[in-house]
Structure formats: structure tokens, C-alpha cells
J.: 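Shown below is the structure under consideration.
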Amino acid sequence: MRLGRLGGAAALRLAYDGPLHIPNQPMPQEKPDSPLHDLFGKDAPRSGGGEVVQVLTPVGLDLSYSYRVPRGLDVGPGSIVQVPLGPRKVVGVVTAEPPELSASSNRLRPIEGAFDAPPLTPEMLTFVDWVARYTLTPRGMVLRMVLRAPEALAPEPPIRGLILAGPPPERLTDARRRLLDLLSENEGQAWTRAGLAAAAGVSSSVVDGLVAAGTLAEVDLPPGRPFRPPEPDFNPIELTPDQAAAVERLRAAGPDGVTLIDGVTGSGKTEVYLEAVADTLRAGRQALILVPEIALTRAFLERFSERFGALPAEWHSDVGPKMRARTWRAVALGEARVVVGARSALFLPFSDLGLIVVDEEHDGAYKQEEWASYHARDMAVVRGRLEKVPVILASATPSLESRVNATRGRYRHIVLPARATGRDLPSLYALDMRKAGPPRGRFLAPGLVAAIRETTERGEQAMLFLNRRGYAPLTLCRSCGHRFQCPQCSAWLVEHRFRGRLVCHHCGHSVPRPDACPACGTLDSLVACGPGVERVAEEIAALLPDKRTVVLSSDIGGGVQRLRAEFEAVAKGDCDIVVGTQMVAKGHTFPKLTLVGVVDADLGLAQGDPRAAERTFQLLAQVTGRAGRVIGKGLGLLQTYAPDNPVIEALVSGDAERFYRTELAERERAGLPPFGRLAAILVSGPSRELAEDHARHLARMAPADPAVEVLGPAEAALAVVRGRHRFRLLAHSGRDTDLSAYMRAWIAAADRPTRGVEAYVDVDPQNFL
DNA sequence: AGCACGCCGACT
DNA sequence: GTCGGCGTGCTC
């Protein structure tokens, strides 16, 4: 096992050079005793054997451990190695830190070997450390995100292929003849066992028989090269003058820095950043395109391959282990030139990254809130800085953070004010439900129903948007008032009529919908309260029975395949009315769609969530932006009980700037992001008492700091999830305070939780439940 | 994160 | 009397 040479470690110098982005995070000043400090500006010596190196392992540890390098093993910073850890063997990465234990220490154990994979670059190692520090995640856990394709470390095993290698067998059956015919028609071709059997229409035992007879022989085929390089000049598209000007500005921008492409829906942001991808390919470098949800980006992949003559590599949770391993290796070896991926693609070990694009940069899906919390958009900006490559953020409704960075000049700002097709943006109107609401028991105002009727009569499509899955969010007994609640969560069970069940959207618990009230036994006394998409579909189908209605929601049966098919069917025009949840707001173009009705425009405007207005504005602007993109005159109708709410007013006036102005003023007044910083601690435990006790302990232990205000503990809005009781604490500071460092000090000062209690730190929380 | 060690309930 | 629950601590 040997490794190639490593690039100069001097590149590490850039790591802590100045204020990095992170929504305005000042770079933490490294203290002289930091383990990383001594390395800057020096070339880390490669080990020639018999020495000691630090190895970071992908376990929940912040420390790296010292290991002895056996004689003859050539490893240096970034090398991927196997080391013993306690009773097991784990993969690890040699870091650039100086050894902590001396060669004579009896705790020292030897590295067992190095993998034949390219070493992680110094930039990648720095990135791991940076993310770990900022998010308060053990470095090992961040490394784990990098090494998340375990099979990728072994060279890909050759494919077993079959070729014609001997005379035909003595007994020639019908099946054998068909198989031999096929082989002679494709002379010299090697087949896989299953492929040959299927192509010849025989069972695999026929193939085995011929192998045994010596007619076929097994050979090793080199593993396939699935990553055909995209060609930058394969099929250049004609750009509009606006787009061409935007591309020129990107080119003029130079080799690094962040650019926000701020363009209305349909303005062709994608075409613009694909030109930047083409430039990256021309320079022989790799590009990463992050997208919020990859499962439904079929259309994007097709567009990409039309432009570049090859598909990009894909990286997301639906990629199987084999393809995952191949992709990881191909990225590390520089063979995969463009990767389109979900947020986890940010941790791929690119060998020569030249560009990062974050599409729909405002999207909440970029924030991971599981065991490690990070915002992929912010970390993309950090990685771009470390790698010294440009980062492009694209959105029709940019986050307030990015807008402020653009107006302050930290980001370049490219605005695409008009649709590339020259079509007008949809006209939006508020439907005041207090004055012109639906009759009792219904959810669609007569005005909206009439508009849907007119639209579909013209042969165009209408969409009803409601960000609520299922049939009804609450079921109660008319007789005794019993409400169906999840036994494990403080949430109502949502009726799903397709499935005939009541479902908890927080833990997945579900029960069949009973006929009688479980509390009082009364038959047929259960009533559904409020609408979900299924119920809206039922209502519109009853009102317009001759129209074809379809529901697009993540929980229609059949998984991603079925959903993709449904989206394509709608795009082809196979239905008149679409009723959809949040997922219809993203990306897809439905050419015949000209009317979008928002069933409950007030739904997202919950009090107490500082980001509610922004999220609602973005979501409603995105979803109404689907209307009239290809034909007709787009129309959006917003059903609301608060037509004078600033979000609704800004949408209806078509003046996005007005929304940004008022919302930014509000945030500035309250010192909220991007004018201040927030970090949360979520304490959860098996009982209310245990969770609350630890939350109070944390509150007492919060370090005194005049720059930081600590709030709480308060019971979380969702007080119980999966049987765990939750409390929240919030730290609030100005934007010049290193709140991440404050949180590290806080956690270090407090006792570690015990007895099943957990404390989870979320820097830059997006979600306030 | 794993995995081992360690101290209190229901069984061969 | 043991088997085993998972609570606590360690891994170079």
C-alpha cells in the first residue's frame, strides 16, 4: 500500500488568515497553545518510519491520538490509515498536528497500514477542524462525514466478466443455442453473468453450465468509468442579454469570493451559474453544485446533460453504497468533474475543487439539525474561502443573511430582474377570508374556486398549495371532546385518509382510524378539524367533478419513483388541478400552470419564531412564481385572514425590496440575525424533571459575559417528542461576538448530563421548535 | 460512536 | 444463586 506525494502543507497558512464568512463570524483567534498553531508556515515533515504522528478517528472524540509509524510505511498529513482503537480497528486520518506522545510512550500503538487512496488535502483537514469548532461537534464526527463511504477506501474490485473462450458444448440445447447466437452477434464483447442471461432470455444456470463446459471463461474487467467528463462547449445555450451580462460579471470577479445571484423565478439563474461551471471545467478543475433536495431534480440533471453532454455525479442519501463508494473515489481522484449533491456533498474530498454553487441558497433543507448541526450554505462559504475558490449563491428569494452580506459588499451581487422568457411575473392578490371566505366546513373561497374553474376551462392548469400533509391536522370526538394525541409527542395525530390512519408527523407513530371514539365509545362521532392537502383535493374534486385533480405530497405511496412519475405526468399536462405541499414550491416547471392558489397564506406566520416571516415570504414567492412561466398570464391568489400583514402586503405589491427593508429593520431593532447572533441548547430527557433540572443547571453555569444574553430555560414549543421532554436555552449576542466560543466555554463549564439527559447545541438555529 | 466494565431485578 | 439491564467511562 503506497500513497502519492502530498501537496505543500504551507497551504494551511490560509486557514485562519482573516474574518471568514460564516454569517459574519469573526475568525476565532487561535491561541498560541492551539494544537494547530505550530504548523502554520512549516512544511510538516513526512514520516519515514519509526516516528509518531497524530491520527484523527471518525468517532465521537475531539482529540487525535498518537500512533507509531512502522518502518517502511510512508504517511503524512491527510493519509488515510487503519489504526487500532481500543478493541477494534478503525479508519483514521493523519493530521498535521505535532505528536503528543513520545516514541517511548508505552501507550503508543502502531498504525496498521495506509489505504491506497489519495490523502485528504490540507484544506480539507482545516475544513474539518473549522466545522467542528464552529458547530461544537467533535472533530471525529465531522471527519466521519468526510469518510462516509467506507467501501471507497479499498480499490474497487474488478467486475467478473464472461467471454467466449472455447468450443461449443457437445449437447446443444435450445437455450444454449440462443446464448451462443447472442455471443457470436457481439463478438469480443464481455458480459456479466446476469446481463448475459437476461439478454439471451435464459436462466443463469444455462450460463453456469457453459462455464463448466469451458465454452465461457471468466475474466476480470476493469471497473467501469461511470463519470464521463462533461464538456464545457458541448451545447452552449443562447443567453439573454441580462444573463450574458451576469456571466461577464462573474468572470470579471476573479478566482475567489462569494457572489449572490439574486434573480426572480424564471430569470435563468441556472444558465448563468452553469457558465461558471463551464469555465471551471475549461480550467480543468472540479465543480460542486449543492441543491436543497436532490430526489426531485431529474429535470435539473437533464438540463445539465443537455448543456454538457454528460451527467454529473450525484451525491445524496438515495445513492446506494456501491455508487457511493465509486463516486467518493472518483471525486478524490479528480475523475468526477462535477458533483450535484445534497448538503452532505460538501464533505466530499475533492482533489482540485474550482467552484462551489449553492442553488436556492435560502432553503431550510441546507440546515442539518440532527446529531451535528451545520448550515451547508455557510459551510460552503467557509470551504470556498479555505480552498480559495469562488462560491456562487443563487436564489429568487435570498436569505436575509446573504442579502445583507451583498449590500455590505462582502458578497458581489448580481441581480436578474426579469424572466428570461420575457414573460411577466404573476400578479398576486390577497383573498380576504374574513370578507369573502368559504361557506362553513369548506376551505376554498368562492373567488378562488371560480378562478380555478376559469383557468381549467381554458385548458390551463391550476395549483393549490397547502403546506400540510394528510387529510386533517386534528381529529376530535363530537360527543365527548376527545382529541387524538400522539402517546409519545405533544402533538395531535394527523388523519391520512388515503392510508386510513392517524399519524404523528414527529415520530411516525400511527394507528388505524377507529370508527368509534376510544374515550366514550360513541360510534361515528369523530370529526376532522382543519384541512390538509387530501381534504383540499377532496373539496375541489367535489366542486369541479369533471376536472382531474392530483395530490403531490411526500407521503403518497410508492416512494421517490412514484413521485418523480407524478411530477412528470403533471408537467405533461395529465391533470387539471394539482394540490401540493411544500415540495411543489421547489424547482419544477409545469408549463401549463397559470394559476396558483395558496390555501392558507397565514400558516407559516407563527408568533415567536423570528424567521417565520422570512420563511413564509420565500415559500409563497417561490410557489406563486410557478404560475405562468411558459404560457398565459400568471395569477396567484393568497387566502388570508391578515391581508395587511407585511409579508402578504409585500407579496401582493410585488415589491420584494419592501419586504427585505421592513424585515431587516425589524431584525436590526431586535438585534437578531444577521445583525446579531443566536445559539440554542436543546435539553432533552426521559422525564420532564430530569430535563428541566439539567436545563436549570446549564442556565446557572452560563459564563457571565456582558456581550451575551442568556434566555431560558423554557419548555420547547414541542414539549415532548418521542417520549423525550425538551427544554430550550438561547444565547443572544451582537454580531461581533464569537458566540461559538462562548458556547464552547459554557458547555465546558457545565456538568455533563447524566441519566439519559442530552444537551444539544445548535449554533445559528433556524428552527425555534 | 462503540465497547467494556459495573452494579441491581427475573429466571434456568 | 446466575443472566442481563443500560448507566458511566475510555479509547493513543
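These numbers come from the heavy atoms of this one structure, side chains and all, not from hydrogens, waters or symmetry mates. Quantities reported herein were computed from a predicted structural model and do not represent experimental measurements. Chain naming here is simple, since letters A, B, ... match the order of the sequence lines and numbering starts at 1 in each.
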J.: Output all residues satisfying side chain to side chain donor-acceptor pair (under 3.5 Å) with Thr137(A), sequence neighbours left out; order by chain, then residue number.
T.: Thr135(A)
J.: Is the shortest side-chain N to carboxylate O distance from Arg133(A) to Asp62(A) below 4.0 Å?
T.: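 Salt bridge absent between Arg133(A) and Asp62(A).
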J.: Between Arg148(A) and Trp328(A), is NZ or CZ placed under 6.0 angstrom from the six-membered ring centre and within 45° of the ring axis?
T.: no
J.: Would you list the protein and nucleotides 5-12 of chain C atom pairs, both N or O, that sit under 3.5 Å from each other?
T.:
from: dT8(C); atom 1: OP2; to: Arg755(A); atom 2: N; distance (Å): 3.2
from: dT11(C); atom 1: O3'; to: Gly86(A); atom 2: N; distance (Å): 3.0
from: dC12(C); atom 1: OP1; to: Pro84(A); atom 2: O; distance (Å): 3.3
from: dC12(C); atom 1: OP1; to: Gly86(A); atom 2: N; distance (Å): 3.4
from: dC12(C); atom 1: OP2; to: Arg109(A); atom 2: NH1; distance (Å): 2.6
from: dC12(C); atom 1: O3'; to: Ser66(A); atom 2: O; distance (Å): 3.0
from: dC12(C); atom 1: O3'; to: Arg109(A); atom 2: N; distance (Å): 2.8
from: dC12(C); atom 1: O2; to: Ser66(A); atom 2: N; distance (Å): 2.8
from: dC12(C); atom 1: N4; to: Arg107(A); atom 2: NH2; distance (Å): 2.7

J.: Using the ring of Phe127(A) (Phe, Tyr or Trp, six-membered ring only), decide whether Arg383(A) places NZ or CZ under 6.0 Å from its centre and within 45 degrees of its axis.
T.: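 Yes, a cation-pi geometry holds between Arg383(A) and Phe127(A).
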J.: How about Arg744(A) and Ser740(A): do any of their side-chain heavy atoms sit closer than 4.5 Å?
T.: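 Yes; the side chains approach each other to less than 4.5 Å.
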